[in-house]
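What you see is a predicted model, and the numbers here were worked out from it, not measured in a lab.
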Amino acid sequence: MKKKKWLTILVATTTVVGLTLGGLFGFQHAKKVHAAANKSKNTLVVATPGDMYASSFHDKKGHLTGYEVEIARAVAKGLGMKIQFKELNVAGELTAVSSGKADIAAGNFNLSSVYRKRYLFSTPYKYSFGGLLVRAKDQSGIHSWKDLKGKKSAGEAGTSNQRFAQYMGAKLVNYDSANGLMNDVANGKVDFIPNDYYGLSTGYKRSKIKGLTMAKGLYYRTNLMGKGIGFLINKNEPGLQKKINKELAKLQKNGTLSKIMIKYYGHDLTKKPSGMNVKYFKVPNSIKGE
């Protein structure tokens, strides 16, 4: 009985030790695999719209280009990484980054409170303000801020600009992407597009769609726009955030960012704009732009 009892204890003890060591080695192996995966990651995956001038769009030859596409490529090059773009709408970009299917989103995003809980921010590389694209013949009947009430605002759901439009009393007409917005303003299906002033003012001229203009004297910023425009970064990648910001600092110092902005906008938007009568609005967080 004693011999059998000691044998049972020995087997049990050996089993426990084996499980403990197995678990420890398994844990260490998992850590090594995870570290190796991170170390071997050499591609920066970028979620971007592909249909938004001048952030991310296709040129006449069908090549993806734009100011943020160029900045992302320059950052990846500085990091010694390859780059892969995933063309998605706003909702798709946000989901791709939060789920880890993309490392960053480059879609002319305002670095604001709207995104802070779910994403890390790069340092801002562009400064702008909002403007309204309207019909040229009558400014879509919009000559003051009060005139926005009841007008149809075109944009993508949940964006800071559609939230602003809703706050001003406009009726929201939400699109899955930026395609078709300008045409629908021109043909009267909607009344205006609230968005980045420089993006709209250069974009509609490039589109050659007739009958459009920027509403004169109606420029805005809101609390939802944050301190500038930059990349949204996966929340679990603080190391990548630091590396990206370091590269952006280099690109700012050597003048690359300024050259890219002037190429697409004709202005150096790496500096805060001045001389425009921009009105500030505080939009409640309860406004969702949907």
- line: Checking I260, L64, I83 against V69 for side chain to side chain contact (heavy atoms under 4.5 Å, CB included), the one that qualifies is L64
message: Looking at every non-hydrogen atom in both residues, tell me the closest pair between Y175 and A154 and how far apart they are.
response: CE1-CB, 3.7 Å
message: On a heavy-atom basis, which atom in S160 and which in N110 lie closest, and how many Å separate them?
response: OG-ND2, 3.3 Å
field: Donor-acceptor under 3.5 Å (S140 side chain, I142 main chain)
entry: no
- prompt: side chain to side chain donor-acceptor pair (under 3.5 Å) between N254 and T256: does it pass, once the steps are laid out?
  reply: CA-CA 6 Å; N254 66 24; T256 299; 2.6 Å; yes
- prompt: So if you build clusters from Ile, Leu, Val, Met, Phe, Trp, Tyr with side-chain heavy-atom gaps below 4.5 Å, do L269 and Y53 land together?
  reply: yes
query: Do M52 and N108 touch side chain to side chain, with heavy atoms closer than 4.5 Å?
result: yes
- prompt: What are the two closest non-hydrogen atoms of A76 and K82, and how far apart are they?
  reply: CB-O, 4.2 Å
Would you give me the side-chain donor-acceptor pairs under 3.5 Å for residues 283-290, sequence neighbours excluded?
from : atom 1 : to   : atom 2 : distance (Å)
K288 : NZ     : N285 : O      : 3.4

query: Should V46 and Q84 be marked as a side chain to side chain contact (heavy atoms under 4.5 Å, CB included) after you check the CA-CA gap, both sets of side-chain angles, and the distance that decides it?
result: CA-CA 6 Å; V46 183; Q84 176 188 351; over 6 Å; no
query: Is there a chain of hydrophobic side chains (I, L, V, M, F, W, Y, each step under 4.5 Å between heavy atoms) that links V278 to M168?
result: no
query: Are I262 and Y125 co-members of a hydrophobic cluster defined by side-chain heavy atoms under 4.5 Å apart?
result: no
- prompt: Got L148 and F192 here, is their nearest side-chain heavy-atom distance under 4.5 Å?
  reply: yes
task: Kindly say whether K171 contributes a backbone atom to a donor-acceptor pair with the side chain of Q166 at under 3.5 angstrom?
output: no
- request: Determine yes or no for a side-chain-to-main-chain donor-acceptor pair under 3.5 angstrom, with D103 supplying the side chain and V45 the backbone.
  value: yes
message: Please report the interatomic distance OG1(T270) to CE(M261), rounded to the nearest 0.5 Å.
response: 6.5 Å
message: Would you call the rings of Y119 and Y115 parallel, tilted or perpendicular, taking 30° and 60° as the class edges?
response: perpendicular
- request: Determine, stepwise, if the pair T65 / H58 fulfils side chain to side chain contact (heavy atoms under 4.5 Å, CB included).
  value: CA-CA 6 Å; T65 188; H58 290 267; over 6 Å; no
- prompt: What side chain to side chain donor-acceptor pair (under 3.5 Å) pairs are there with at least one residue in residues 189-218, not counting sequence neighbours?
  reply: K126-D196, S128-D196, R135-D191
query: Can you check whether W145 reaches L218 side chain to side chain, under 4.5 Å on heavy atoms?
result: yes
message: Using side-chain heavy atoms (C-beta onward) and a distance below 4.5 Å, is K271 in contact with D268?
response: yes
field: Flag side-chain contact, heavy atom, 4.5 Å: K86 against K101
entry: yes
- prompt: Can you check side chain to side chain contact (heavy atoms under 4.5 Å, CB included) on L133 and L212, steps first, answer last?
  reply: CA-CA 7 Å; L133 184 67; L212 297 174; 4.2 Å; yes
query: Would a hydrophobic clustering, with Ile, Leu, Val, Met, Phe, Trp and Tyr connected at side-chain separations under 4.5 Å, put L232 with I104?
result: no
- prompt: With a 4.5 Å limit on heavy-atom distance, are the side chains of L240 and N234 in contact?
  reply: no
- line: dist Q252:CD -> L248:CG (nearest 0.5 Å) comes out at 9.0 Å
- prompt: When rounded to the nearest 0.5 angstrom, what is the spacing between NZ in K279 and OH in Y219?
  reply: 14.5 Å
- request: Give a yes or no on whether the ring-centroid distance for Y220 and F129 is below 6.0 angstrom.
  value: no
message: With a sphere of 6.0 Å drawn around CG of N187, does it hold more than 12 non-hydrogen atoms of other residues, nucleotides or ligands?
response: yes
- prompt: Which distance, rounded to the nearest 0.5 Å, do you find between the CG of L132 and the NZ of K151?
  reply: 11.5 Å
- request: Would you kindly confirm whether F121 and V97 end up in one hydrophobic cluster when ILVMFWY residues are joined by side chain heavy atoms under 4.5 Å apart?
  value: yes
message: With a 4.0 Å cut-off on N to O distance, would you call E247 and K250 a salt bridge?
response: yes
field: Heavy-atom side-chain contact between S153 and I193 under 4.5 Å
entry: no
- request: Calculate, to the nearest 0.5 Å, the distance between atoms NZ and NZ belonging to K272 and K227 respectively.
  value: 8.0 Å
query: Does some side-chain heavy atom of P49 sit less than 4.5 Å from a side-chain heavy atom of E93?
result: yes
- prompt: Sub-3.5 Å donor-acceptor pair from the side chain of S98 to the main-chain atoms of L94, do we have one?
  reply: yes
task: Heavy atoms only: give me the nearest N245-S122 pair and the separation to one decimal.
output: OD1-CA, 3.2 Å
task: Output the distance between atom CD (Q241) and atom NZ (K235), rounded to the nearest 0.5 Å.
output: 9.0 Å
field: M214 versus V134, closest heavy-atom pair with distance
entry: C-CG2, 4.3 Å
field: Exam field: side chain T48 to backbone A106, donor-acceptor pair closer than 3.5 Å
entry: yes
- request: Using modelled atom types only, decide if a donor and an acceptor are shared between the side chain of T159 and the backbone of E156 within a distance under 3.5 Å.
  value: yes
Backbone of S144 reached by a side-chain donor or acceptor of D147 within 3.5 Å: yes
message: Looking at every heavy atom in both I244 and F231, which two are closest together, and how far apart are they?
response: CG2-CD1, 4.0 Å
task: Take M225 and T222 through the side chain to side chain contact (heavy atoms under 4.5 Å, CB included) test and state the conclusion after the steps.
output: CA-CA 6 Å; M225 290 182 173; T222 77; 3.7 Å; yes
query: Looking only at atom types and distance, does a side-chain atom of S56 sit under 3.5 Å from a main-chain N or O of G50, one as donor and one as acceptor?
result: yes
